[in-house]
Amino acid sequence: MATSRCVVIGGGIAGLAAADALERAGSVEVVVIEEGAAPGGVIRSEVRDGFHVELGPFAFLSHAPATMEMIERYGLMDEVVTPSPAATRRYLVQGGELVAAPSSPGAMLSSPLLSKRALARLAAEPFVRPVATDESVFEFMRRRFGREVAEKLADPMVAGVTASDCRQTSVAAVFSRLKTMEIESKSVIRGGMAAGKQRRRDGEPKHGLRSFRSGMAALPRALAERTDCRFGVGATSLSQKAGGFTVTLSDDSTLDADSVVVATPPDVSRRLLGSARSGFSTFASVGLRALTYGFRRADVRHPLDGFGCLLPRSEGIRPLGMIFSSSLFPGHAPEGCVSVRVLMGGSLDPGAVTMPEGEAHAIAMDALRRCLGVRGEPLMSHCATWAPAIPRYDVGHRRRVATLQATMPPGLVLAGNLVAGPAVNDCIRDGARVAAEVLTNLD
Ligand SMILES: Cc1cc2nc3c(=O)[nH]c(=O)nc-3n(C[C@H](O)[C@H](O)[C@H](O)COP(=O)(O)OP(=O)(O)OC[C@H]3O[C@@H](n4cnc5c(N)ncnc54)[C@H](O)[C@@H]3O)c2cc1C
């Protein structure tokens, strides 16, 4: 079979996963064009003063077969790190105190966070009629579990995944598993319990968060090593010609291709694809700040015996949440020290991303003092600013993405977290869909 060429624009995890799937198909020569100096996009890991710093994602969930299979194929299984068993608890700040949050729909039934009235309403969840259409996460939670549960949990749940407004965010796009359970099991609580039982029956290990010994960047680095990646040169324009496409690069050179995968952030994709794709104007992105701190263990009163804590807006504390990084992955801090990551910004607080870094540090440190009893100054601090960081997945997102994709000519495929979903796992899984679309066009 003749070899055809596919140019992948963007060397983030979505572009690299698409390149990986295409290369495995064998009949396509793949070139990845990455504007930055390194692969991975927002996935960046550094070590500062002995503390491990993740600038973007800090972990992935191990329940995704495509991710685990990729890790295995790239020989990274021994590099995977599992959270310490002590770090499974998630906290929610309520009335200024850290209270353990329910870890599953079933666990909500015994949660101290909820009033007796809310628990009684929750018990009625299996009898609530399923609704097939998309709705906001807040509306989904209110309808199925009652207003109190929605008011206490929907906001921090969404903030922890997409940093967006739970009253705008699509449940189908961001928490598709909950929607599937509603439709298939007629109840989220029943569906969650059945899935747990099935997993135990099959002898499957309990899934959870994972990272790599040297940080999240280990995966894109491994993918890029086996791919023809050109770093430090960006795509400036894309044009269609007879039988293919021409990509113009920032060094004024051009690349001809039979097919092109556009895996750049949405604002760049919009520019590259041009005004013909008017559907793009319906998408927006949110900015985020990830601030990482290293402290002496003795300078933090809270035992940090968990995953982290979410901060509902109603508490009047500006950051979205905190991750107890070194409790999850003990190798993230030197002996006798701990590290905590604070997330700020999102769709409801864009000012937290544009304010001077010093101001953001002051707000984050104030929250750490109030919530975790931090004393003194940190041994290490770092601020990563992502503006924009993550697309907004508003209600109807999937339908709008489908409309946009329908406007693409054959051979031009849109990838990235806008279409795949917000998680690293979503972007990896979508690689197979992207490759299939490219290959279909070649037939
Ligand atoms: C602070 C933060 C924390 C997160 N935490 C988690 C988490 O814990 N777990 C999780 O699963 N997900 C998390 N996410 C989400 C997840 O990391 C992202 O959704 C995912 O990595 C996006 O991958 P991508 O390839 O679509 O985009 P990107 O990573 O943005 O990659 C796009 C690439 O395109 C390149 N590019 C841009 N313009 C051009 C051009 N003109 N030519 C060539 N290349 C170009 C960019 O340099 C970049 O490398 C987090 C995201 C952020 C920002």
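Note that ligands are numbered from 1 as they come in the structure, with each ligand's atoms numbered from 1 the same way.
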Should [X] be listed as contacting ligand 1, given a heavy-atom distance under 4.0 Å as the test?
{"X": "F58", "result": "yes"}
{"X": "R44", "result": "no"}
{"X": "A420", "result": "no"}

ring-ring contact (aromatic ring centres under 6.0 Å, His included) partners of H361, counting only residues at least two apart: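 Partners of H361 by the ring-ring contact (aromatic ring centres under 6.0 Å, His included) criterion, ordered by chain and then number, come out as Y293.
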
Set of residues satisfying ring-ring contact (aromatic ring centres under 6.0 Å, His included) with respect to Y393, sequence neighbours excluded: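 Checked Y393 against ring-ring contact (aromatic ring centres under 6.0 Å, His included); matches are H397.
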
R270 NZ/CZ over F283 ring centroid, <6.0 Å and within 45° of normal: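 Pair R270/F283 does not count as cation-pi.
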
Is [X] salt-bridged to [Y], cutoff N-O under 4.0 Å?
{"X": "D228", "Y": "R230", "value": "yes"}
{"X": "R399", "Y": "D134", "value": "no"}
{"X": "R144", "Y": "E182", "value": "yes"}
{"X": "E135", "Y": "K179", "value": "yes"}
{"X": "E315", "Y": "R313", "value": "no"}
{"X": "R221", "Y": "E225", "value": "no"}
{"X": "D20", "Y": "R73", "value": "yes"}
{"X": "D256", "Y": "R5", "value": "no"}
{"X": "R369", "Y": "D366", "value": "no"}

Test side-chain contact (heavy atoms from CB on, under 4.5 Å) applied to H63 and N425, step by step: CA-CA 9 Å; H63 69 274; N425 282 341; 4.2 Å; yes

Heavy-atom protein neighbour under 4.0 angstrom from atom 8 (O) of ligand 1: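 Yes, there is one.
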
Need the ligand 1 atom indices (1-based, order shown) with element for anything under 4.0 Å from a heavy-atom of [X].
{"X": "G12", "result": "25 (O), 31 (O), 33 (C), 49 (O)"}
{"X": "I33", "result": "43 (C), 44 (N)"}
{"X": "P422", "result": "12 (N), 15 (C), 16 (C), 18 (C), 19 (O)"}
{"X": "G40", "result": "29 (O)"}
{"X": "G41", "result": "29 (O), 31 (O), 48 (C), 49 (O)"}
{"X": "N417", "result": "18 (C), 19 (O), 22 (C), 26 (O)"}
{"X": "A389", "result": "53 (C)"}
{"X": "G416", "result": "26 (O)"}

Polar-atom distance check: [X] versus ligand 1, any N or O pair below 3.5 Å?
{"X": "E34", "value": "yes"}
{"X": "G421", "value": "no"}
{"X": "A423", "value": "no"}
{"X": "G56", "value": "no"}
{"X": "A14", "value": "yes"}
{"X": "V424", "value": "yes"}
{"X": "E35", "value": "yes"}

Ring centroid separation F60 to F212 under 6.0 Å: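 When the ring centroids of F60 and F212 are compared, they turn out to be within the sub-6.0 Å range.
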
Who's the nearest protein heavy-atom neighbour of [atom], and how far?
{"atom": "atom 23 (O) of ligand 1", "answer": "I13 CG2, 3.7 Å"}
{"atom": "atom 40 (C) of ligand 1", "answer": "A235 N, 3.7 Å"}
{"atom": "atom 1 (C) of ligand 1", "answer": "W386 CD1, 3.6 Å"}
{"atom": "atom 51 (C) of ligand 1", "answer": "I390 CD1, 3.8 Å"}
{"atom": "atom 34 (O) of ligand 1", "answer": "G10 CA, 3.4 Å"}
{"atom": "atom 29 (O) of ligand 1", "answer": "V42 N, 2.9 Å"}
{"atom": "atom 36 (N) of ligand 1", "answer": "T264 CG2, 3.8 Å"}

Pick one of side chain, backbone, both or neither for how [X] approaches ligand 1, counting any non-hydrogen atom pair under 4.0 Å.
{"X": "P57", "result": "both"}
{"X": "M216", "result": "neither"}
{"X": "I9", "result": "side chain"}
{"X": "A263", "result": "backbone"}
{"X": "A59", "result": "backbone"}

Option of least heavy-atom distance to atom 30 (O) of ligand 1 (set: P388, C427, P265):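 Comparing heavy atoms across P388, C427, P265, the nearest one to atom 30 (O) of ligand 1 lies in P265.
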
Aromatic ring pairing F58/F329, orientation class (parallel under 30°, perpendicular over 60°, tilted between):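 Correct class here is tilted.
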
Spacing of L328 atom CG and F307 atom CZ [to the nearest 0.5 Å]: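 Reported to 0.5 Å precision, the distance equals 6.0 Å.
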
Over 12 foreign heavy atoms within 6.0 Å of CG, D78: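 Atom CG in D78 is not packed in, count stays at 12 or less.
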
Stepwise ring-ring contact (aromatic ring centres under 6.0 Å, His included) check, Y91 with H302: CA-CA 12 Å; Y91 287 103; H302 194 273; 5.3 Å; yes

